[in-house]
Amino acid sequence: MLANSFSDGRQIIGIDLAEGMVDLANARCKEAGISDRARAEVGDACDLASRFPDAAGVFSLFGLQQLPQAHLTLANWVSTLAPGGTLAVTFWPSQVEEQGPWQRLADLSTNKPKAFTESSHKQSVKAISWEEQVPKVALEEGGVLLADEQPTFAMHWKNIHEFWQVMTEAGPWHARLLQMGADHRASLQQQFMAGYSCPEHGPIEHFPHARLIMIKKSLAAL
């Protein structure tokens, strides 16, 4: 999509730590006939400034919340921009909806096994802490705030079973449930499904919100 948006020879470079994902991305670029202007490389997305100075733009979609010290990563991304360059980042905040299946799962996930209680509390505090520092720390790198919004996304599921499967097997809860073990996953699934009298019925629709940050590097940085 980005490669097709520019016809002036600009290079689009994707960054991922997983070599397998980079290989898949490069294969798709080749299939689409855009490998001359778009490619993926293995690298640390937390530090773009040392590798790509004077970038025209940085784009991230639902990845920032997965990175350690995300507010500092955002600042690094702004620092890599050339004067006049633009950053556009969309991520899932710690709370995405007031009610709905996503929030129900999040609420139930706070009832973790005892061994994880202390670490989970620290992780929750950490999440809130970095979100409160966005975009302040990034703007200190010479950025000008263009947007700080909460766009809403309509999500549709065939039934609640499909929601559970997607969110826990490939979505945001996959890694944390792997960490907590099969017994906890089974217990959480039982509790989650208990909130729906007919889990096989559908469709299910809800409207979680993300957070969109857009920053332009000040021309004063010249």
Side-chain angles (χ1 to χ4, degrees), residues 16-18 20-21 24-25 44-46 60-74 88-135 137 148-213:
D16 200 296
L17 279 175
M21 294 301 292
L24 287 173
D44 184 4
C46 295
S60 175
L61 187 62
F62 300 124
L64 183 66
Q65 75 280 352
Q66 302 179 49
L67 301 176
Q69 295 187 304
H71 61 298
L72 298 181
T73 294
L74 193 68
V89 175
T90 302
F91 64 91
W92 292 121
S94 54
Q95 182 174 356
V96 302
E97 59 185 6
E98 294 185 3
Q99 58 183 4
W102 188 317
Q103 189 58 43
R104 174 171 173 77
L105 183 55
D107 291 341
L108 290 173
S109 295
T110 61
N111 300 318
K112 298 176 176 65
K114 186 176 181 180
F116 291 94
T117 301
E118 183 176 352
S119 63
S120 296
H121 173 70
K122 290 180 179 178
Q123 291 174 2
S124 297
V125 172
K126 181 179 179 181
I128 295 173
S129 176
W130 78 257
E131 288 180 35
E132 289 178 344
Q133 296 183 68
V134 171
V137 175
D148 186 352
E149 303 172 356
Q150 294 187 341
T152 298
F153 296 85
M155 290 191 171
H156 307 272
W157 311 92
K158 182 170 57 179
N159 51 43
I160 203 63
H161 284 294
E162 183 184 41
F163 170 86
W164 170 267
Q165 181 179 13
V166 171
M167 297 296 279
T168 61
E169 294 184 8
W173 275 268
H174 180 62
R176 73 183 71 174
L177 292 183
L178 283 178
Q179 181 188 27
M180 294 173 190
D183 290 343
H184 177 70
R185 184 184 189 281
S187 175
L188 183 61
Q189 182 176 11
Q190 184 178 24
Q191 295 177 64
F192 179 75
M193 292 299 177
Y196 301 90
S197 57
C198 300
E200 70 279 3
H201 289 178
I204 302 295
E205 182 181 54
H206 61 125
F207 303 89
H209 67 81
R211 189 173 175 189
L212 166 66
I213 302 291

Can you check side chain to side chain contact (heavy atoms under 4.5 Å, CB included) on D148 and R211, steps first, answer last? CA-CA 7 Å; D148 186 352; R211 189 173 175 189; 2.9 Å; yes

Which distance, rounded to the nearest 0.5 Å, do you find between the OG1 of T90 and the CG of L61? 5.5 Å

CG of L108 to CZ of R104: how many Å apart, nearest 0.5 Å? 5.0 Å

Considering all heavy atoms, the nearest P93-H209 contact: CD-O, 3.6 Å

Give a yes or no on whether Q190 atom CD has more than 12 heavy-atom contacts from other residues, nucleotides or ligands under 6.0 Å away. no

Hey, what do you get for CZ (F153) to CZ (F207), rounding to the nearest 0.5 Å? 13.0 Å

Distance col, row E200:CD vs M193:CE, nearest 0.5 angstrom, shows 10.5 Å

Between P199 and I160, which heavy-atom pair has the shortest distance, and what is it? O-CG2, 3.2 Å

When you look at W130 and L74, which way does the side chain to side chain contact (heavy atoms under 4.5 Å, CB included) test go after all the steps? CA-CA 10 Å; W130 78 257; L74 193 68; over 6 Å; no

Verdict with supporting geometry, Q191 and S187, side-chain hydrogen bond (donor to acceptor under 3.5 Å, both in side chains): CA-CA 6 Å; Q191 295 177 64; S187 175; 3.2 Å; yes

Hey, is the main chain of W102 close enough, under 3.5 Å, to the side chain of E97 for a donor-acceptor pair? yes

If you take all heavy atoms of I204 and P101, which pair is closest and at what distance? CG2-CG, 4.4 Å

Could you go through the side chain to side chain contact (heavy atoms under 4.5 Å, CB included) check for Q95 and Q103 one step at a time? CA-CA 7 Å; Q95 182 174 356; Q103 189 58 43; 3.5 Å; yes

Considering all heavy atoms, the nearest W164-R185 contact: NE1-NH2, 3.6 Å

Can you find a pair of side-chain heavy atoms, one from F91 and one from Q66, that are under 4.5 Å apart? no

When rounded to the nearest 0.5 Å, the distance separating CG of D183 from CG of L188 is 12.5 Å

Say you draw a straight line from CZ of F192 to CG of D107; how long is it, rounded to the nearest 0.5 Å? 11.0 Å

